Each structure stands twice: as C-alpha cells, then as structure tokens.
Amino acid sequence: MSVALTEFVRSLPKAELHIHLEGSLEAEMLFRLAERNDVALPWPSADALRGAYRFDSLQSFLDLYYQGCRVLVREQDFYDVTRAYLARAHADGVVRAEAFLGPQSFTERGVPVGDILGGVLRAMDDARAEDGISAGLVVTAQRHRSEADAFTLLDSVSPWADRIAGFGLGGAEVGNPPSRFTRYFRELRQLGFKTTAHAGEEGPAAYVREAVELLQVDRIDHGIRALDDPNLVELLAASRIPLTVCPLSNVKLKAVSRLVDHPLPAMLAAGLTVTINSDDPAYFGGYVVDNYVQCAQAFGLSADALAALAANSIAASFLSDAEKDALGNVS
Ligand code: ADE
Ligand code: ZN
C-alpha cells in the first residue's frame, strides 16, 4: 500500500457518516470487556474471534456482531469503545464523526439507556476537548423489531434529544422494508430530527425508493442496489440525497464479490452524492482511510476525486452550514 496515498487521504479533512460504534469494538477490547463484566464468550481468544470474521451475508455478520455486543454492559464500556473509535478517527483525519449506536441490543438485557448514552456522549465530549474532533450520536432502531419497539426507543432517549444528531435504521434488511417504519420516521421528522436509513445494502432498489419516498430520509446508508433502477438513480442524483457507501463492508458481507466489481465508479458517474465510510471497521478489515485508499487503488481515483469524496462527506453531515464552515478551524 502506498504510504504517500495513505498520507494524502489522511490529510483530507473528512466526515465519517456511517460507522456503528458496536462495530468498532476490536477483538482485544472485546475480550478485555468480557473479562471485566464476567461475560462468557464462545471463542477461546481474540485471535480465534478474528478467525471467525468470515461472513457470507449481512445476517451471518449480525449473528456474530450481536454476540460481541454482550460485552458492553456499563457506562464505562460505552465510553471506552466510543473514545477508542474517535481517537482512531482523529488519527485518520476525520474532523466530524456521526456514529451509530443501537440501544435495543443493550436495553433488552437490562442496561439502562442513561448508561449507554451517558458513556457515548461523555466520550464524544472528551474527544472534542482533547482532540478537537466533532462527534454526533445517531440512534438506530433495529428493523427486525417492530415499529412499536422503535417508538419505545424514541421515548426512552427523548431526555437526551438535544444531544442526538439524528436517527437511523439498521439490522437485517431483507424482509424488513422501510415501509414498516413509515409512522416512526414521520414522527422523527415532525420532532425536527435528521434521519437516515440503511437501504439497498442487500435489499432491492425498491427499498431505497421507499426510504426516500415514504421515510423521506436525509441520507441513505449503502444504497448500492439503487443502480438496478435507472429512474431511482435519476431521482437520487436530482435530489442530491447523500449515500454513505461502505466498500470494504460490501465485499466482506458479499454484497459485491470483489472490490473491483463494486458499483462506486458507476455511482460517481451517475452523479450521485457519494461518501466513503467504514461501517463496522473492527470486523471488516479497515477504517475509513483504508476504504478510501483501497478504492483509489481499485478504481484509479485521482487526488481530485478523493478530495471531492472527502468534501462530499462534510457537506452531507447533519451539521448546520455554519458548523460545517467552522470545521475548517477545528485543530
Ligand atoms: N448494523 C451493523 N452493521 C450493519 C450493516 N452493515 N447493515 C445493517 N445493519 C448493521
Ligand atoms: Zn451500517
């Protein structure tokens, strides 16, 4: 891997808009937290766990990912995983991180929502104070659960409403179309929240259309399957809805067979507002800079193209225009 290319990508001020904090939990930290919280794991060691990172679908990944979530129990655990991700992102030249967390994995085991959000937000405050990185929490609902469960989640986090950057939708996509959450997203919009939804990762282009037309989201997470529907591509291009694309994730979960087969160049050629992100970097073999660099190598992206992708990411963030401008002044 070219050191010069990596250093160039690092030097670009960028936002990461699609990163699950639970998916940034590295195997070593996962084992440390399991010991700290007396949680039994099905793997004998961190190396054995890493050896299990072979997935043939989103669901095969989620099965392992939810096992890993069991080690996050106390406020300090949520602090530690968030602080470690933000330190790594800062080292990668990320000046704004909008990070997902799905409280339902934890509240169903009795973890108080205040401990979850408290730990994440305290880490975000410390990262801002210590590294100058701007961070926002995007609370995700799991789409395999009911819309009523999503409303319960919204209720439970409402005391932190002024600290929440937005709301998202993740989890098992196929069979759980965005239309199941139409009333929930309408409520979020009416409350003035920014929204985003995973759509078109494994699911069909029709799910991307539903996310745009029914949920009226501000961003689409993944969206790669949108290319199957030329009319939808025109709609996405005209409306400039940003897509948070995660190329290494798509390869690891077999949404595409090899990076060179990824539709990123076609998405750019179609005029879509594309951003590059890591999704679950501890599991997919790369943080955000690795995603940029491997795409640059696979597709021969120019320095200008890489800079445009980084600029897209800041423009696509949920910050106000004034806050986006101020990012240039963050150390
Ligand atoms: N949660 C964590 N990673 C995810 C992904 N790639 N798709 C859907 N939900 C997720
Ligand atoms: Zn994701």
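Residues: numbered from 1 along the sequence shown. Bear in mind that the values here come from a model prediction, so they are computed numbers and not experimental data. Order of appearance sets the numbers: ligands from 1, and atoms from 1 within every ligand.
At most 12 non-hydrogen atoms from other residues, nucleotides or ligands lie less than 6.0 angstrom from CZ of Arg240.
Heavy-atom contacts of Asp280 reach the following atoms of ligand 1: 2 (C), 3 (N), 4 (C), 6 (N) (cutoff under 4.0 Å). Residue His222 has at least one heavy-atom neighbour below 4.0 Å for each of these atoms of ligand 1: 6 (N).
Looking at ligand 1, you won't find any N or O of Leu58 less than 3.5 Å from one of its N or O atoms.
Of the protein's heavy atoms, Glu201 OE1, 2.7 Å lies nearest to atom 7 (N) of ligand 1. Shortest contact from atom 1 (N) of ligand 1 to any protein heavy atom: His20 CE1, 3.3 Å. Of the protein's heavy atoms, Gly171 N, 2.9 Å lies nearest to atom 9 (N) of ligand 1.
Assignment of Gly23 to the shell around ligand 1 is not supported, since no heavy atom sits closer than 4.0 Å. The shortest heavy-atom distance from Phe61 to ligand 1 is under 4.0 Å.
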Taking it one step at a time, do Phe31 and Glu26 satisfy side chain to side chain contact (heavy atoms under 4.5 Å, CB included)? CA-CA 9 Å; Phe31 266 75; Glu26 292 284 349; over 6 Å; no
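Listed by first and then second residue, the salt bridge (charged side-chain N to carboxylate O under 4.0 Å, His left out) pairs involving residues 139-158 are Glu108-Arg145, Glu147-Arg183 (not counting sequence neighbours). Pairs engaging residues 201-256 under the ring-ring contact (aromatic ring centres under 6.0 Å, His included) rule: His18-His222, His198-His222 [sequence neighbours left out].
With a 4.0 Å cut-off on non-hydrogen atoms, Glu173 does not touch ligand 1 at all. Under 4.0 Å from ligand 1, the heavy atoms of Tyr65 that appear belong solely to its side chain.
With hydrogens and angles left out, the side-chain atoms of Gln294 and Asp290 include no donor and acceptor closer than 3.5 Å. Thr196 and Asp221 form a side-chain donor-acceptor contact under 3.5 Å, judged by distance and modelled atom types alone. Side-chain atoms of Gln76 and Arg122 include a donor-acceptor pair closer than 3.5 Å.
Within the cation-pi definition used here (under 6.0 Å to the ring centroid, within 45° of the axis), Arg10 does not qualify as a partner of Tyr292.
Under the 4.0 Å criterion applied to side-chain N and carboxylate O atoms, Glu16 and Lys14 are not assigned as salt-bridge partners.
Within the protein, the number of N/O/S atoms found under 2.8 Å from the Zn ion (ligand 2) is 4.
Between Phe100 and His20, the ring planes are tilted. Angles from 30° to 60° get that label.
Under the rule for a ring-ring contact (aromatic ring centres under 6.0 Å, His included), Tyr287 has no partner lying at least two apart in sequence or in another chain.
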